[in-house]
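Predicted, not measured: the structure shown is a model, and the values here were computed from it.
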Amino acid sequence: MSRPKVKQSLRTLFWGLIALAVAGCGWFNDGEGVILNPKDDYLDSTEHQDLVVPQDLKGLQDTDPFPIPDTPLAENPSYYPERPPLPDAIYANEKRDEVRLQRLGERRWLVIPEPPTTAWPKLKQFLAENGVAIAFDAPEVGRLNTQWLKLEATSYRDVVRSITRDAKDALSLDLGQDRFLIKVEQGLRPRTTEIHLRHENDSVSIPERDDVEALETVISHVTQAEADLLNEIGAYVAAKVSEQTVSKVALQIGSNQKAELARSDEGFPILRLFLDYERAWATLGQALANAEVDITNLDRSSGLFYVELTEEVFGGKEAGSGFFCRITFSCDADNQAYKLQISLESTSDHFTIRVLDQDGTLRIDPELAQQVLVLIREYAA
């Protein structure tokens, strides 16, 4: 074969391969072609219905020894078409396992590092051991009212009557009967519980109200009795006097979240707080302080915190070894400071926290925003 014919054959083969490659792209198309590309199938994945066990076999399987945890609904998963978002970080908050009494102005509440399903029976056990009967019991909404207590003796052996007697004596109040209104709620962090309570004395005018009315509208007649009883309940739980049991009737309490990580319509991470403004603002400021985030400025009227954070905030001990370097591909670079805005915005029934760049826009990495919001939620309580 002559050399010109060889060159012509090579050209023909080369262009033929190019045409074949171009045409072959359709074979690897996502939903069409001979060979399908499964890289983004997870975006449309859904959970199947639970396995139906025949009636004659149900007795052979009472419990699942290896239960599969529920998969949370992915908010706007197509926002990450090429790579799934990184899992949320777990922060080593040294106070996360402590029972704590929180206070905001005249409001007090107890934070317990247990889910409502275990905190609810412990609260009822505390009242039972102190001989306090329950007049109203609604576990589906986390509400308890004690019976009216008539204090006639000067001292008592049980804690509830004793602290109530002492608190009334301090105010020279020796009239009427006393009771406590108790509310158990889901905490800001997952698997935490808040206990709110109010003291009432029937010698003081008590307005007509629904038994399940939110306690935020109720003012304790003897605030010291409220504070002392919260302290005693916290000490009882912290001392692990009662065995940990699970209340199935209290499952509904944990479904009413106070903090929810979600995504906006644009697919950007947000944190919803189902709180009033005073507590939402204080919660955000406390979370940033607990996480040792440097707050450079704040504007309460606009709901803005101006912050500066570095790799160490997310647990990076050395420059180029933690979260930031993985999302910015700068693991060999020096540890940098990132200036951000944390925005608290009011909506119809909650407040929304957003992470913005220094200019107040969304031009930051969504994974960085996600981790900042997780950090706020974990240090909020």
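Under the 4.5 Å side-chain heavy-atom criterion for grouping Ile, Leu, Val, Met, Phe, Trp and Tyr, I353 is connected to I295 within one hydrophobic cluster. Under the 4.5 Å side-chain heavy-atom criterion for ILVMFWY residues, no single connected hydrophobic cluster contains both Y306 and L373. V372 and I270 end up in different hydrophobic clusters when Ile, Leu, Val, Met, Phe, Trp and Tyr side chains are linked at under 4.5 Å. Note on I219 and L173: separate hydrophobic clusters, where clusters join Ile, Leu, Val, Met, Phe, Trp and Tyr whose side-chain heavy atoms are under 4.5 Å apart, directly or indirectly. No chain of hydrophobic side-chain contacts below 4.5 Å, direct or via other Ile, Leu, Val, Met, Phe, Trp or Tyr residues, connects L304 to L368.
The pair E200-R198 does not meet the salt-bridge criterion, since no charged nitrogen lies less than 4.0 angstrom from a carboxylate oxygen. Salt bridge absent: D294 and K339 never bring a charged side-chain N and a carboxylate O closer than 4.0 Å. In summary, E378 and R191 do not engage in a salt bridge, as defined by a charged side-chain N under 4.0 Å from a carboxylate O. Contact check on D137 versus K124 returns a salt bridge, with a Lys/Arg side-chain nitrogen under 4.0 Å from an Asp/Glu carboxylate oxygen.
In this structure, the separation between CD on Q125 and CH2 on W120 is 14.0 Å, given to the nearest 0.5 Å. Here Y236 contributes atom OH and I112 contributes atom CD1; the two are 11.5 Å apart, rounded to the nearest 0.5 Å. Between the CG atom in N231 and the CG atom in L110 there is a gap of 8.0 Å [rounded to 0.5 Å]. Taking OG1 of T146 as the start and CG of L181 as the end, the distance is 7.5 Å to the nearest 0.5 Å. In this structure, OG1 in T283 is found 8.5 Å from CG in D276, a value given to the nearest 0.5 Å. Here the CD-CG distance, from Q177 to L149, works out to 8.0 Å after rounding to the nearest 0.5 Å.
R263 has its side chain within reach of Q370: a pair of non-hydrogen atoms, C-beta onward, lies under 4.5 Å apart. At least one side-chain heavy atom of R100 sits less than 4.5 Å from a side-chain heavy atom of Q102. Residues L288 and L375 fail the side-chain proximity criterion, which asks for heavy atoms closer than 4.5 Å. Between D178 and K168 the shortest side-chain heavy-atom distance falls below 4.5 Å. Contact annotation: the side chain of L151 approaches that of R161 to within less than 4.5 Å [non-hydrogen atoms, C-beta and beyond]. Residues E114 and T192 are not in side-chain contact: their nearest non-hydrogen atoms beyond the backbone lie 4.5 Å or more apart. The side-chain heavy atoms of L356 and R363, taken from C-beta on, include no pair separated by under 4.5 Å. Side chains of L273 and L188 form a contact here, defined as non-hydrogen atoms less than 4.5 Å apart.
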Fill in: Verdict with reasoning, L144 to L127, per side chain to side chain contact (heavy atoms under 4.5 Å, CB included)
CA-CA 11 Å; L144 284 175; L127 295 174; 4.3 Å; yes
Item to complete: Go through the steps for V374 and L261 under the test side chain to side chain contact (heavy atoms under 4.5 Å, CB included), then give the verdict.
Response: CA-CA 8 Å; V374 172; L261 277 169; 3.6 Å; yes
Worksheet entry | CA sep, side-chain torsions, deciding dist, call: E278, R300, salt bridge (Lys or Arg N to Asp or Glu O under 4.0 Å) | CA-CA 11 Å; E278 289 296 324; R300 185 184 177 108; 2.9 Å; yes
Discussion item. F305 vs W281, test: ring-ring contact (aromatic ring centres under 6.0 Å, His included). Steps then yes/no.
Written reply: CA-CA 10 Å; F305 280 86; W281 176 263; 4.5 Å; yes
Practice prompt. Would you sort out whether I376 and L284 count as a side chain to side chain contact (heavy atoms under 4.5 Å, CB included), showing the intermediate values?
Written response: CA-CA 7 Å; I376 292 172; L284 178 54; 3.8 Å; yes
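Cation-pi geometry between R279 and W109 is met: the NZ or CZ atom falls under 6.0 Å from the ring centre, inside 45° of the normal.
The backbone N or O of Q358 lies less than 3.5 Å from a partner atom in the side chain of Q341, making a donor-acceptor pair. In terms of modelled atom types and a separation under 3.5 Å, the side chain of S302 and the main chain of D299 share no donor-acceptor contact. Of the possible donor and acceptor atoms, none in the side chain of N130 sits under 3.5 Å from a partner among the backbone N and O of V132. No donor-acceptor pair closer than 3.5 Å links the side chain of R377 to the backbone N or O of R189.
Residue L171 qualifies as enclosed at atom CG: its count of foreign heavy atoms under 6.0 Å is above 12. The neighbour count for R103 CZ, taken as heavy atoms of other residues, nucleotides or ligands under 6.0 Å away, is above 12.
Note: H350 and F274 have tilted aromatic rings, judged against thresholds of 30 and 60 degrees for the angle between ring planes.
Taking both residues in full, the closest heavy atoms of R272 and A262 are given as NH1-CB, 3.2 Å, listed atom of the first, atom of the second, then distance. In this structure, P121 and P116 approach most closely via the heavy-atom pair CD-O, 4.3 Å. Counting all heavy atoms, side chain and backbone alike, R165 lies closest to T154 at CG-O, 3.6 Å. Counting all heavy atoms, side chain and backbone alike, A280 lies closest to F351 at CB-CD1, 4.1 Å. Shown here for D202 and W148, the closest heavy-atom pair between the two residues is N-CZ3, 3.6 Å. Counting all heavy atoms, side chain and backbone alike, I364 lies closest to A369 at CD1-CB, 4.0 Å.
Under 3.5 Å, the side chains of N201 and S203 contain a donor-acceptor pair of N or O atoms. Counted by atom type alone, E345 and S343 present one or more donor-acceptor pairs between their side chains at under 3.5 Å. No donor-acceptor contact under 3.5 angstrom links the side chains of E367 and Q371, judged on distance only.
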Only pairs under 3.5 Å count here: list side-chain donor-acceptor contacts from residues 222-230, not counting sequence neighbours, and write none if there are none.
from : atom 1 : to   : atom 2 : distance (Å)
Q224 : NE2    : D228 : OD1    : 2.8
Q224 : NE2    : D228 : OD2    : 3.4
E226 : OE1    : S220 : OG     : 2.4

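In this view, H196 and E185, E194 satisfy the side-chain hydrogen bond (donor to acceptor under 3.5 Å, both in side chains) rule, not counting sequence neighbours.
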